[in-house]
Amino acid sequence: MIAAQLLAYYFTELKDDQLKKIDKYLFSMRFSDDTLKDIMNRFRREMENGLGRDTSPTATVKMLPTFVRSIPDGSEKGDFIALDLGGSNFRILRVKVTQDKKQPVQMESQVYETPDDIIHGSGSQLFAHVADCLGDFMEKQKIKDKKIPVGFTFSFPCAQTKLDEAVLVTWTKKFKASGVEGMDVVNLLNKAIQKRGDYEADIMAVVNDTVGTMMTCGFDDQRCEVGIIIGTGTNACYMEELRHIDQVEGDEGRMCINTEWGAFGDDGSLEDLRTEFDREIDRGSINPGKQLFEKMASGMYMGELVRLILVKMAKEGLLFEGRITPELLTKGKIETKHVSAIEKSKEGLKKCMETLTRLGVEPSDEDCLAVQHVCTIVSFRSANLIASTLGGILARLKDNKGVGRLRTTVGIDGSLYKMHPQYEKMCSGMYLGEIVRQILIDLTKRGFLFRGQISETLKTRGIFETKFLSQIESDRLALLQVRAILQQLGLAGTCDDSIIVKEVCGTVSRRAAQICGAGMAAVVDKIRENRGLDHLDITVGVDGTLYKLHPHFSRIFQQTVKELAPKCDVNFLLSEDGSGKGAALITAVGCRQRELVAQQQH
Ligand code: GLC
């Protein structure tokens with residue numbers, strides 16, 4: 001037992017030490033709030049340049065008009081085919097949109113391979129491949145004799161003058177087929193289909209994936225006016241006032257702008273923030289000097305960034321006792337999916353050990369901790385960068401509308417955003433929200449809330465995620481904002497309703513904190529009794545999103561323990577890595593050991 005505790009203690013010590021070392025080593029990858037604000041402002045200037053008549057031809061952030069003038073209004077219906085080329089998969093979908101309230105959209109889809117020799121070959125080969133896959137899909141769907149409208153999601157920068165024409169400005173990400181840049185991709189695809197001659201297709205629109213995302217989200221939520229992709233590449237679109245878009249005639253209404261923010265920094269405006277690793281990634285890429293922001297933030301490069309950092313650290317003897325293997329030196333050997341797995345709170349260290357062992361570097365436990373921290377720093381930088389540019393778009397939308405506060409919806413998609421554990425954490429729902437919802441239904445039934453009307457939203461399980469509870473309860477939030485949050489959830493109500501909802505949220509989480517506190521008090525008091533002590537000093541490791549993110553939870557929790565176990569002084573310590581119960585226990589044991597050692601030394 002003692003051996004295990006000592007081990008745990010050394011583990012904790014080791015960990016603190018390791019993490020501090022890495023933090024210092026990767027100092028240039030960690031941004032302060034001021035730097036992030038600065039990035040946001042630089043991006044705002046780039047957006048201005050991309051929109052202005054004189055500045056747009058040379059602007060790095062292209063701000064491409066999409067000729068999409070509104071988001072769906074829910075009246076859409078029909079049977080469509082969608083081609084989705086340029087993300088992590090090439091997919092073809094059949095989408096049926098109906099007026100059926102329960103299931104307005106039905107989809108069937110198939111993923112097709114796009115081998116490297118095709119995406120790096122000639123344009124005609126690439127579009128022949130797309131036409132072959134579409135033929136196969138229509139055959140399987142038994143619609144080869146029909147001329148169903150096709151929407152083409154083509155996730156690259158395109159200059160458009162209308163919806164069904166799109167001239168590729170430049171390839172990005174992994175694509176580099178010859179003879180396509182400067183050409184209209186609708187024309188290229190039509191030609192390839194005609195060459196086959198066994199079916200017809202009516203390509204109605206070409207859209208960027210960001211625009212597709214905004215539309216999908218807009219179908220459910222009319223307020224959606226921004227679309228973001230955080231995947232192989234990263235990019236965003238948003239609804240801009242037509243009067244600000246110099247390249248398009250007309251002043252009335254709005255048009256969706258594809259920002260192509262991946263190219264932010266291509267004119268040197270991010271040089272002070274790029275590291276030697278970013279430069280190396282760029283040098284080894286198929287498009288050096290291009291998409292510099294994307295190379296710092298998107299999924300395609302994250303694994304490689306981590307690998308380059310590990311190589312350098314190993315060369316300097318800071319990792320793997322200086323062992324460098326051919327695998328570690330091989331480009332692409334660490335993929336973004338490994339980075340995500342390594343950062344998982346529960347099995348991350350095990351995954352890290354597996355990944356590094358595959359590279360043959362014979363990692364120690366200490367190495368695994370270090371590498372896990374490197375991964376966290378790289379992905380936090382990515383999340384920070386993307387949050388800054390999104391901040392730029394939101395600030396612009398707010399100014400455009402001339403409002404003091406902006407209420408909006410952002411549609412997000414992309415493999416990195418969906419698969420990465422650290423993003424996941426911020427969105428996870430919990431039980432407290434469900435309790436709140438049940439109480440609100442009850443109060444509404446009794447006529448105390450929402451004029452007695454139980455809306456469809458209120459009937460939906462899971463609408464109240466814990467993050468909403470935390471927001472609603474936050475002291476800094478004025479009632480109007482509580483109301484805005486409720487409206488976002490589709491729960492329009494009066495100010496009085498907001499007061500009641502805030503009160504309910506407060507009561508539910510106070511109760512939860514008190515229950516936890518009472519349990520904890522019983523445990524620590526029992527320990528005190530068992531040891532026959534009058535007074536107990538004890539440290540407890542705590543973890544969990546509720547504890548960390550909720551504005552009051554930890555305070556109420558601690559207060560309750562204090563009141564219920566007055567003979568115990570409990571010191572709460574936030575565990576560093578996620579919700580892993582094991583990590584919280586190790587932290588607690590480690591701290592106790594540390595205190596013991598300190599006492600013995602005195
Ligand atoms: C790249 C493309 C852009 C796309 C993004 C996400 O940045 O240039 O058009 O939206 O990747 O797929």
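Numbering starts at 1 and runs along the sequence shown. When a ligand or atom number is given, it counts from 1 through the structure's own listing order.
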Note to self: Show me which atoms of ligand 1 lie under 4.0 Å from any heavy atom of Thr172.
What the structure shows: 1 (C), 2 (C), 8 (O)
Next item on the list: Determine, for Glu271 against Arg279, whether the closest basic-nitrogen to carboxylate-oxygen distance falls under 4.0 angstrom.
Entry: yes
Item checked: Sub-4.0 Å atoms of ligand 1 with respect to non-hydrogen atoms of Phe156 -> 9 (O)
Notebook entry, point to check: Does even one non-hydrogen atom of Pro157 get within less than 4.0 Å of ligand 1?
Noted result: yes
Item checked: side-chain hydrogen bond (donor to acceptor under 3.5 Å, both in side chains) involving Asn89 - partner list, sequence neighbours excluded -> none
Check: Does Asn235 reach ligand 1 with a nitrogen or oxygen that is under 3.5 Å from one of the ligand's nitrogen or oxygen atoms?
Finding: yes
Item checked: The one among Ile229, Asp209, Thr234 that brings a heavy atom closest to atom 12 (O) of ligand 1 -> Asp209
Notebook entry, point to check: Which residue holds the protein heavy atom closest to atom 11 (O) of ligand 1, what is that atom called, and what is the gap in Å?
Noted result: Lys173 NZ, 3.1 Å
Next item on the list: Please identify which atoms of ligand 1 are closer than 4.0 Å to at least one heavy atom of Gln291.
Entry: 7 (O), 8 (O)
Check: Is any side-chain N of the basic residue among Lys147 and Asp202 closer than 4.0 Å to the acidic one's carboxylate O?
Finding: no
Check: Does even one non-hydrogen atom of Gly262 get within less than 4.0 Å of ligand 1?
Finding: no
Notebook entry, point to check: Considering Glu294, Lys62, Lys290, Glu260, which one's heavy-atom position lies nearest to atom 3 (C) of ligand 1?
Noted result: Glu260
Checklist line | Note: Glu48-Arg396 ion pair, threshold 4.0 Å (strictly below) | finding: yes
Notebook entry, point to check: Is it true that a side-chain atom of Asp266 and a backbone atom of Gln291 form a donor plus acceptor pair closer than 3.5 Å?
Noted result: yes
Margin query: Suppose we screen for salt bridge (Lys or Arg N to Asp or Glu O under 4.0 Å). Which residues come up paired with Arg381, at least two apart in sequence or across chains?
Written below: Asp278
Next item on the list: Return yes if a side-chain donor-acceptor contact under 3.5 Å exists between Ser32 and Asp34, otherwise no.
Entry: no
